[in-house]
Structures are given as C-alpha cells and as structure tokens.
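In what follows, a structure is listed as structure tokens, so that the remarks can point back to it.
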Amino acid sequence: MSIIFDEEQQILHIRNHAISYIMEIVDGKYLAHRYFGKSIRSYHKTGITQYFKRGYTTEHEISIPYASFDDFPFEYPVREHGDFRIPAFAAEPASGITYSQLEFHSFEVQKGKPAIAGLPSVFASQEEAETLKIICEDPTAGIRVTLFYSIIDNLSIVLRHQKIDNVGRHSLRLHNVQSLSLELPPQPYEFLSLYGSHAKESNRSRFPLHYGIQRIESLRGSSSPQNQPFFALMSPNITEEHGEVYGFHLVYSGNFLAQAEKDSFGNVRAQIGLHPESFSWVLEPGETFETPEAVLNYSDSGLNQLSQNFHQLYLEHLIPPQFTRRTRPILLNSWEAMYCNVSMEKIDIQSSLAKDLGIELFVLDDGWFRSGNTTQTSMGDWICNEQKLPGGIKTAADLVHKKGLLFGLWFEPEAVGKDSVLFQEHPNWILGIPGYNRTEGRHEYLLDLSQKPVQEHIKHMLDSYLKDGDIDYIKWDMNRPLTDVNSISLDKNRKKEISHRYILGLYHILNWLKNSYPNLLIEGCSSGGARFDPGMLYYVPQIWASDNTDAYDRTSIQDGFSLLYPPSAISAHVSIVPNHQTGRTTSLETRYQTASLFTLGYELDLTLCSAEEQNVIKQQIADYKQNQKNFLSSTFYRHTTPDDNHIMWSIVNETDCFLYIMQKRHDPLRSHGKFHLLGLDPNADYQNIDTKEIFSGDELMHIGITIPCVKEDYHTFILHFRKM
Ligand code: DGJ
C-alpha cells in the first residue's frame, strides 16, 4: 500500500496490491483523473485523450494543445466555465452567483483513515490504511475543498468524501457537494442498480449505458426500498465469476443521487452523494461541511468479487466491531404470531416453547404500548399498556429471562401519533408546514430529529428502558417516508438543510446508543428493508431485510442484498404458511434453508406447529448453532446456474462448504441440474457430510455436482461438504 507523488510527471498514485488510483496535476492547477482499476507498478501518462481542434467549445489557459473542457477528466468537476457535464460541486458565494473555480492547491498524505464528524464512516487502524488529502481552492469565492482518498491494505476499495471550508469573509451556500466523482474511459458499460418496494426489496436492474445521464435516487427522506444507494458500471458480458465492474455505494441513510453520464465522446462520469434537489447548506466564515462517505469498489473477477470486497469492508471496518465475529442469538419475534395483540400469557407460552426448541432471544415487537390492537393508536408516548402486560416491560423481561432467554423490545422512536401526549405538548417537535395539514403515513407523523431537544427526548426515553439492564436487544423500526419536511427551528434560508439535518440527528442518537450500550444488540428495520444501507450498519450489525417472509420471494430479496452486504447483516426469519404476505405455501425445510445462511430467526405462533414440526424446528436450530461460528468466517458466493429456474449460493471457508440451491418450479423437461462449486481447494478432497460421498475439489468446481429435479415447487437443497 502506498501513496506516491512523482514530482517530475506531477502524478499522484494511490496503490495497493489490487488497485491503482491515479491523478495528474496539470499546469499546477487542474486536477485531472487518469486511472482507476487493477493495480499497476508505475504510470507513464499512457491512455490520455488526444485532442484536436474543435468548434463550438471553450478555450482555456492550459498547456495541453486544444484541450477541451467538454471532455477534460476533471477529478472534482464544477460547471459554468466549459465543462457542461454533471457537476460534483456547486456553491453560491456572497456574489449570489452560483459559480466557482476549484484549483489544485496542495496535498498531504497521512496514516490511517480519518472519521467524518457526525457521520458514519469506515474505520481502520494506522497500519491498515493510508489517506491522501488534496486541497483545492477558489480564493475569490473563499472556498477550500479537501478531497479525501483512503485506501485499505488488501482491499480493492477507495473511500472518498469531501470537506468544504468557508475561508472567506462572507457566508456562502453549498448547493451540491457530491461524495464522489469518477471519470471512466470510453468503453461499453452496463448500469446495475437494486430497485424495489416495500415487501419486494433489492431486485436487480441492468441495462446498457447510453449517451446522456442515467440516474437513480431517493427523495423519500431515507435511503428507501425503491433504490439502494448503490450502482455499478460493468462490462456487458459480466457474470458472477468473470468480468470487470466498478461499484459505488453511499454510507448514508437519507436522500441520495447516483448517476452516470456518457458524453458525446463516450467518456463516462459517475457520481454518488447527497441529492442536490433536497439539499443546500449555509456555511458561515470559518465553518466546515463534510459529505457522507462513498465507497468505490473495483473487481476484475465478476460480481462475486465485488460483493466479497463490500462484505469484508463492512464486516471488518464498518459494523460495531464487537459484533464482527460474534454469533447472533437465534430469535423468536412476536410480530407475525401476535401482531399488536400482545399479552403476558402469550409471551409466557411462546417463550416457554421457544426455550424448548433452542431459541435464545424472545423479541416483543409492536403492540406493547398500544391502547388497541392495531397500528392506528398510541405512537410516541412509549408507555406500556399494563392491561395487556400487567407489571409492564420489566415483568415481561423477567418472565422471559427466567426461562433462560434473552429479552428484546421493539421501538419506533422517530414516529408520533396524533393521540399522543407528545403531539399535544410539543406540536413544534414534529415535521410539518405551517398552514397545511401534515401528511400521515401508517397513521403517524415524524419527529423533527434535527432539533436538539427532540434528540434528547428520544435518548431519555430509550435510556429509561435500557438503564436497568432488562433489555438485551432492540429493534429500531421506522415505517414511513418523510413528508412535510420542515423544521420550526431553522430560519427560512436554511430550510433545505432539514433532510440532511434529520439524518444527522438520527445518527447522533444512534451514536449515543451504541456508545452508551455497547453490548446491546440493535437490529435495524424500516418496514423491512426501507433503510438498509451502510450508514445504518455503522450503528447496528444486522437489519431486517423485508416484511416479506415468503421463502420463494426471500431468495431473490436476499440474493439482491447479498450483492452488497455480508450474510450476518441480513436478518431472515422462518414464518408460518400460507405466508401472510403472499399466501404461498412452502415446506418448513425450504423456509429454514432459505434463512439458514443468514442471521436466523423464527416469526410464527409456535402453538400452531405440530409436535412433529416442533421437532423439525428443534433439529434446524441445533444444526444452525453447530455451523453458525463457521459462517462468520466464510466467503459468500452467488452462482451462475444452468437455467433461470434455480438460485444458488454457497458459503465457503478453509474447512467447509455449504451449498444452497432453490428449484423454483418443478420442470418435467429436466431430470437433473449440474451445479458448479466455487472457491474450493482444487487439490483437496471433499466429503458430502450426509451421503459420505467423496469428490475432488477440482471435480466439484469444473464438472459440478448433479442434483435431481424434484417434483415440488420451491424445493431447496442444502449440501454440506467438508474438506478431508
Ligand atoms: C414493520 C416491521 O418491518 C415489522 O417487522 C414489524 O416490526 C412492524 N413494523 C411492526 O409495526
């Protein structure tokens, strides 16, 4: 790992064994991007655009003959003086004219990886990481922009963010500050993103990049189920195992914009960052603004390698480190068993049965504070309904603890209902626009998390439940998009700061929670996976992936999330059939196997399971516990299957390989399928733990294992091979 400046060539080269990121300082002032990709030893200015005299363009003081800003590879581009493509930066100084010229000023290399004030970010030790800071300035506007590039040893990843300082004497307004801008050479690309909705998150969208701008975004106040804050540009023939891909992921939980522009010459500019439509920021003299962090990921070995880079980064350098290698308790969640109709008696019965089956944590979901049995009332005051739960949460926790289980509790701290005392006493604490009725979402409004007193109120409320140590786990839910985004606490020239300030407020509370209760297991949730993003993962090690618990749908949802997130971050539950969301019936085996490579839970009324089913569940849990530790140190692969009728994953480590295959439908035209394994030792032999058959590693990888076609829809197979 090194960051080197070649003075003669004016080249800055960031490099580790896997990747190189190269920039050139042209004429001492223009910062040009030269290369990002597979590691190269040294760079001698190959691959630079050759300009010819063009019409209908602009002219500039630059030593490169005929250089045109139309396709000049600016490292951090601004508009208004010849580069008409998507800008990464726009600021309005005291002149009132949105105009700036950022020129290279200086650079500095430091050991380690700096944190970003108030925002989640990747962490690494002084030995593991190095950071390049490049300072660009516009003295006329009084703006200094510091571009950060951090590289971690052994990872094909560059971490990017920007710091803006107002070094002038007047206030200025930031309109657009992208976390990353990257120039890519003219070649064919496909644009990959993950789209979805509530109960059908994380589906792949893939199309050829055409001329012009292609973008995905969220303006819903959170990262949203509609689009992951992620996209990739990849070679058109890419597969899971082969091909080149650049991945862009934002460590942020609010509104974002992710876009790529292919210019008339075929060059591509890619960007990700805060959404300029819902953002602006007033910066007073001496003040600083820092953007969220963007993860820039490169693979020349297909999408699996891209995923494995993300997984390693998030496991080892993002989630709270005490959970990186900690097995997560297998839980029973009350939601699909009780919905809001909770009672002490039900908790008693369910947790007794859970204990017998080997479950380790009982989670009391929504309903414990509601006056009725629907989601229509009582949000915001967080007072336990003792008619449902005599003795309150303490009694419920004691009951569960006495059975030898951990106790978990559901909260939706950001929401407030009209019938709450909080709403009556503090109407100004709620997002809303004077003169208009607020828009309800799931019968709720949202607290204005940008306000300090609101943050303190939520911290105090959570503390009152957590301080006695009765609660071992909390589920932090959030069930609606942000609307009526207005805060009474900000004056009118700061109104476009609110969306970002809301997220900063959320992070402030989560940071307090994480630091005050380091051993508390927090599960993120937002109507399922509506706020499943790297920003949240900095505070919570696992996130509920979807309210859709149907095993068939879950294969594609989990497959989508696995593109970005390590399996331990993805919560997956076994629920009852017919499935409550889809009406589909799948076998208990399929439901378990589909969840079994991820963080496992059960979410069903155990009294509805027959004695035989309970025995099956008991065995499933015993199997899971036996392998759970193994999973945390394994590599996750998605596999190309012989046809669309199958989904296949595996997790592989030094000693074991677990294979998951779902046959979507019975297909009478096929007697069997041949499935290739990945990541095995070609020179070792592997034994199928169930059948005792022995195969060589290269045989399993190059020829594949034969699986019969079974006469059942949604049939799954788990095969466990052990290296001999
Ligand atoms: C949405 C979550 O995704 C569910 O799991 C459940 O917690 C409900 N909210 C409760 O209201």
Side-chain angles (χ1 to χ4, degrees), residues 196-202 220 222-226 253 328 331-343 346-347 350 361-382 384-385 388-389 393 407-417 419-420 440-446 471 473-481 521-533 536 540 542-551 553-554 557-558 561 569-576 579-582 591 595 598-605:
S197 74
H198 173 242
K200 197 73 175 84
E201 296 83 351
S202 252
R220 290 164 197 264
S222 71
S223 47
S224 91
Q226 271 67 26
S253 311
R328 312 292 163 71
L331 62 80
L332 178 71
N333 180 294
S334 67
W335 182 240
E336 286 200 19
M338 308 178 197
Y339 290 106
C340 289
N341 192 3
V342 303
S343 72
K346 288 184 191 172
I347 296 173
Q350 296 293 331
L361 162 67
F362 176 83
V363 178
L364 179 58
D365 207 284
D366 197 347
W368 56 271
F369 54 92
R370 305 248 190 213
S371 59
N373 289 331
T374 68
T375 54
Q376 305 207 357
T377 63
S378 325
M379 183 56 79
D381 292 335
W382 301 107
C384 183
N385 178 345
K388 294 182 184 185
L389 302 173
I393 291 302
F407 178 73
L409 193 60
W410 178 94
F411 288 96
E412 192 182 346
E414 296 154 76
V416 57
D419 61 344
S420 64
E440 290 189 21
R442 213 177 82 144
H443 321 288
E444 292 162 6
Y445 306 125
L446 288 170
I471 297 170
Y473 155 113
I474 67 168
K475 180 171 171 189
W476 183 302
D477 201 353
M478 199 281 202
N479 284 301
R480 53 158 300 171
L521 175 58
I522 312 171
E523 177 152 343
C525 174
S526 179
S527 294
R531 203 164 56 187
F532 201 142
D533 56 62
M536 289 305 289
V540 307
Q542 61 193 56
I543 301 181
W544 178 227
S546 179
D547 275 352
N548 186 338
T549 57
D550 169 59
D553 278 354
R554 269 298 184 124
I557 294 170
Q558 289 162 200
F561 279 122
I570 302 170
S571 287
H573 295 177
V574 175
S575 62
I576 209 82
N579 181 269
H580 288 191
Q581 293 77 37
T582 63
R591 281 174 274 151
F598 301 86
T599 287
L600 177 69
Y602 287 77
E603 187 169 334
L604 72 182
D605 181 347

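Whatever order the structure lists ligands and atoms in, that order sets their numbers, starting from 1. The first residue of the sequence shown is numbered 1, and numbering continues consecutively from there. Remember, predicted model here, so these are calculated numbers, not experimental data.
Atom CZ of F407 and atom CZ of F362 lie 7.5 Å apart (nearest 0.5 Å).
Ligand 1 places these atoms under 4.0 Å from at least one heavy atom of C525: 2 (C), 3 (O). Every atom of ligand 1 is numbered from 1 in the order shown, and the set under 4.0 Å from a heavy atom of N479 is 1 (C), 9 (N). Listed by number with element, the atoms of ligand 1 under 4.0 Å from a non-hydrogen atom of W544 are 3 (O), 5 (O).
Between T375 and ligand 1, no N or O atom pair is found at a separation short of 3.5 Å. Below 3.5 Å of separation, one finds an N or O of G528 facing an N or O of ligand 1.
For S527, every heavy-atom contact with ligand 1 shorter than 4.0 Å involves the backbone, none the side chain. At a 4.0 Å heavy-atom cut-off, ligand 1 does not touch E412 at all. At a heavy-atom cutoff of 4.0 Å, ligand 1 is contacted by no atom of N333, backbone or side chain.
Contact annotation: the side chain of M379 approaches that of R370 to within less than 4.5 Å [non-hydrogen atoms, C-beta and beyond]. Put simply, the side chain of E603 does not reach to within 4.5 Å of the side chain of V363, judged on heavy atoms. The closest side-chain heavy-atom distance from R328 to Y473 is not below 4.5 Å.
Among T549, N548, D477, the residue whose heavy atom sits closest to atom 1 (C) of ligand 1 is D477. Ranked by closest heavy atom to atom 4 (C) of ligand 1, the top entry among D366, D547, V363 is D547.
Ring orientation note: the planes of W368 and W382 are tilted relative to one another, at an angle of 30° to 60°.
The side-chain hydrogen bond (donor to acceptor under 3.5 Å, both in side chains) test with T549 singles out one residue from R554, E336, H573, and that residue is E336. Between D533 and the options S223, S224, S222, S526, a side-chain hydrogen bond (donor to acceptor under 3.5 Å, both in side chains) holds for only S223.
Within 6.0 Å of the CZ atom in R220, the count of heavy atoms belonging to other residues, nucleotides or ligands does not exceed 12.
Considering all non-hydrogen atoms of both residues, I570 and Q558 come closest at CG2-CG, 4.1 Å.
Regarding atom 6 (C) of ligand 1, its nearest protein heavy-atom neighbour is D365 OD1, 3.4 Å.
At a 4.0 Å cut-off, at least one heavy atom of K475 sits close enough to ligand 1 to count as contact. The shell of residues lying under 4.0 angstrom from ligand 1, judged by heavy atoms, includes R442.
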